[in-house]
Every structure is written in structure tokens, then in C-alpha cells.
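The structure appears below as C-alpha cells.
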Amino acid sequence: MGFLYAEDHNKLFKQLQESYCLRPEDILFVNNIAGWCRQQGIQEPDRERPLKLVTSSPQGCKMLISRVATDQEIEQRINALRIRNQLNSATEDLAERLNSDRKKFAYLFLAEYAASLPEIGQDELLADVWAFKEMERLNFFKA
């Protein structure tokens with residue numbers, strides 16, 4: 001089992017933070033997202049969650065990023081995207097476009113951010129579409 005170290009992608013998170021009006025102090029690398037949430041009195045049942053946007057913490061809006069995630073934890077999220085995407089298109093697999101750790105982290109960040117948008121809310125299909133449109137706009141898929 002391999003590990004992904006989020007802080008190795010600090011430049012990516014800084015770029016995304018600036019693109020979406022988050023302040024530098026709004027990005028928090030934590031050892032365990034569920035543990036951090038518990039300490040703040042925020043419910044988070046997913047012990048393996050690699051990223052989470054918290055909009056109601058005592059310190060304001062925070063994008064929590066797990067310092068270390070396993071390949072399996074990330075792939076579970078990518079597989080969920082793959083399954084949701086099959087509802088929209090049987091011919092195109094959006095998950096295939098996430099062919100690097102950088103793109104996977106960008107997708108996870110953007111999908112979390114999308115869930116905070118009033119027009120998307122908890123609709124994961126809409127969040128996926130929005131995240132990929134933003135990745136296109138930010139040139140993640142340029143050759």
C-alpha cells in the first residue's frame with residue numbers, strides 16, 4: 001500500500017486557495033480529519049476522508065487536508081466518481097482523466113469546494129461536473 005503526502009502538493013493547494021478566495025490560513029494540514037472535527041465539535045463519521053471543507057468551524061471556513069492518505073483512500077473516492085459518472089455517460093470515464101496525484105488532489109479539493117456552493121449543495125453529480133469544468137478552466141488537462 002502506498003502513501004500520498006499532501007504537503008508535497010503545497011504549491012497546488014496554494015494555487016487553488018488563491019483561485020477560490022480562501023486565505024492561506026484557511027488551508028489546514030491535519031493528521032486526521034475526523035479527529036480534528038471531533039475536537040471542534042463537528043460531526044465527521046468518515047475516518048479516512050482525505051479532504052473536507054468545513055464552513056462552520058469556530059475559526060471560520062477551513063479546507064482540511066489530511067497530511068497522509070493511502071492510495072486506497074484516494075482510489076475509493078475516485079471509484080465513487082467513476083460509478084457516479086456512469087449515471088451520466090456510459091462512454092466517457094472522467095476518472096481516467098485523473099492520471100496523476102496532482103490531478104486527484106485537485107479534483108478532491110474542487111469537489112469539496114463545490115459542495116459549499118448553494119447551487120450544488122450535497123449533489124455529488126453536480127459537484128463532479130463543476131470540479132471537472134474548473135479543472136478544464138485551470139488547464140489541468142492541457143497536453
Side-chain angles (χ1 to χ4, degrees), residues 1-89 92-142:
M1 174 179 354
F3 295 94
L4 300 174
Y5 298 92
E7 289 174 307
D8 290 348
H9 299 276
N10 204 19
K11 184 177 177 183
L12 165 70
F13 294 122
K14 183 173 175 42
Q15 172 195 355
L16 293 170
Q17 163 252 308
E18 290 171 352
S19 295
Y20 298 97
C21 300
L22 293 169
R23 300 168 302 165
E25 61 270 20
D26 294 336
I27 303 287
L28 285 180
F29 291 97
V30 298
N31 292 328
N32 180 279
I33 289 174
W36 186 93
C37 288
R38 190 173 39 258
Q39 290 174 342
Q40 303 300 315
I42 300 167
Q43 188 174 4
E44 177 50 61
D46 186 348
R47 296 179 160 287
E48 297 178 344
R49 191 165 186 167
L51 284 91
K52 177 181 178 76
L53 182 65
V54 176
T55 56
S56 61
S57 79
Q59 302 92 0
C61 178
K62 299 289 180 196
M63 178 63 80
L64 305 176
I65 303 170
S66 182
R67 282 191 172 96
V68 179
T70 65
D71 292 336
Q72 181 181 2
E73 291 165 353
I74 299 296
E75 286 309 312
Q76 285 174 349
R77 271 70 185 171
I78 303 306
N79 285 334
L81 161 68
R82 188 171 278 118
I83 292 166
R84 286 190 303 272
N85 184 66
Q86 288 176 355
L87 296 172
N88 288 335
S89 172
E92 181 185 21
D93 182 3
L94 290 178
E96 292 299 317
R97 299 181 80 190
L98 303 177
N99 56 4
S100 70
D101 293 344
R102 182 175 185 272
K103 290 176 186 176
K104 290 174 185 177
F105 275 125
Y107 160 74
L108 292 169
F109 183 105
L110 292 168
E112 280 295 317
Y113 184 84
S116 73
L117 301 173
E119 65 272 18
I120 294 176
Q122 297 304 308
D123 187 324
E124 292 179 324
L125 289 171
L126 288 178
D128 292 340
V129 169
W130 186 90
F132 274 87
K133 283 182 182 175
E134 288 299 294
M135 290 180 77
E136 286 281 352
R137 186 181 69 78
L138 295 169
N139 296 319
F140 277 91
F141 302 121
K142 293 284 184 197

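Predicted model only: the values in this text are computed from it and were never measured. Scope of the values below: all heavy atoms of this structure, side chains included, with no hydrogens, waters or symmetry mates.
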Distance in Å, [X] [atom1] paired with [Y] [atom2], rounded so as to fall on 0.5 Å steps:
{"X": "Gln17", "Y": "Glu25", "atom1": "CD", "atom2": "CD", "value": "8.0 Å"}
{"X": "Leu16", "Y": "Glu18", "atom1": "CG", "atom2": "CD", "value": "9.5 Å"}
{"X": "Leu98", "Y": "Arg77", "atom1": "CG", "atom2": "CZ", "value": "14.5 Å"}
{"X": "Glu7", "Y": "Ser66", "atom1": "CD", "atom2": "OG", "value": "10.0 Å"}
{"X": "Gln86", "Y": "Leu81", "atom1": "CD", "atom2": "CG", "value": "10.0 Å"}
{"X": "Ile42", "Y": "Leu64", "atom1": "CD1", "atom2": "CG", "value": "7.5 Å"}

Task: Member of Val68, Asp101, Asn10 meeting the side-chain contact (heavy atoms from CB on, under 4.5 Å) criterion with Tyr5 - done: Val68
TODO: Side-chain contact test, heavy atoms from C-beta onward, threshold under 4.5 Å: evaluate it for Pro50 versus Leu4 and give yes or no.
DONE: no
TODO: Go through the structure and list residues passing side chain to side chain contact (heavy atoms under 4.5 Å, CB included) with Glu73, not counting sequence neighbours.
DONE: Glu48, Ala69, Thr70
Open item on the list: Going by the rule side chain to side chain contact (heavy atoms under 4.5 Å, CB included), which residues pair with Gln39 if we only count those two or more places apart in sequence or in a different chain?
Closed with: none
Which pairs would a plain distance check flag for residues 129-136, meaning a side-chain donor or acceptor within less than 3.5 Å of a matching protein atom at least two apart in sequence or in another chain?
residue : atom : partner : partner atom : Å
Glu134  : OE1  : Tyr20   : OH           : 2.4
Glu134  : OE1  : Arg137  : NE           : 3.1
Glu134  : OE1  : Arg137  : NH2          : 2.9
Glu136  : OE2  : Arg97   : NH1          : 2.8
Glu136  : OE2  : Arg97   : NH2          : 2.5

Task: Check: Lys52 main-chain N/O paired with Lys62 side-chain donor or acceptor under 3.5 Å - done: no
Report all side-chain donor-acceptor pairs from residues 103-120 shorter than 3.5 Å, counting only partners two or more places apart or in another chain.
residue : atom : partner : partner atom : Å
Lys103  : NZ   : Asn99   : OD1          : 2.9
Lys104  : NZ   : Glu75   : OE2          : 2.7
Tyr107  : OH   : Arg84   : NH2          : 3.1
Tyr107  : OH   : Asp128  : OD1          : 2.6
Glu112  : OE1  : Arg49   : NH2          : 3.0
Glu112  : OE1  : Leu53   : N            : 3.0
Glu112  : OE2  : Arg49   : NH2          : 2.6
Ser116  : OG   : Tyr113  : O            : 2.6

TODO: Sequence neighbours left out, what passes salt bridge (charged side-chain N to carboxylate O under 4.0 Å, His left out) with Asp123? Give chain and number order.
DONE: none
Task: Residues which pass ring-ring contact (aromatic ring centres under 6.0 Å, His included) with Phe29, listed by chain and number, not counting sequence neighbours - done: Phe13
Task: Residue Gln43 excluded, over 12 heavy atoms near CD under 6.0 Å - done: no
Open item on the list: Quiz question: by atom type and distance under 3.5 Å, do the side chains of Asn85 and Arg82 form a donor-acceptor pair?
Closed with: no
- [ ] Check Met63 against Leu51 and note the closest heavy-atom contact, atom names and distance.
- [x] SD-CD2, 4.3 Å
TODO: For residues Ile33 and Glu44, report the shortest heavy-atom separation together with the two atoms involved.
DONE: CG2-CG, 4.3 Å
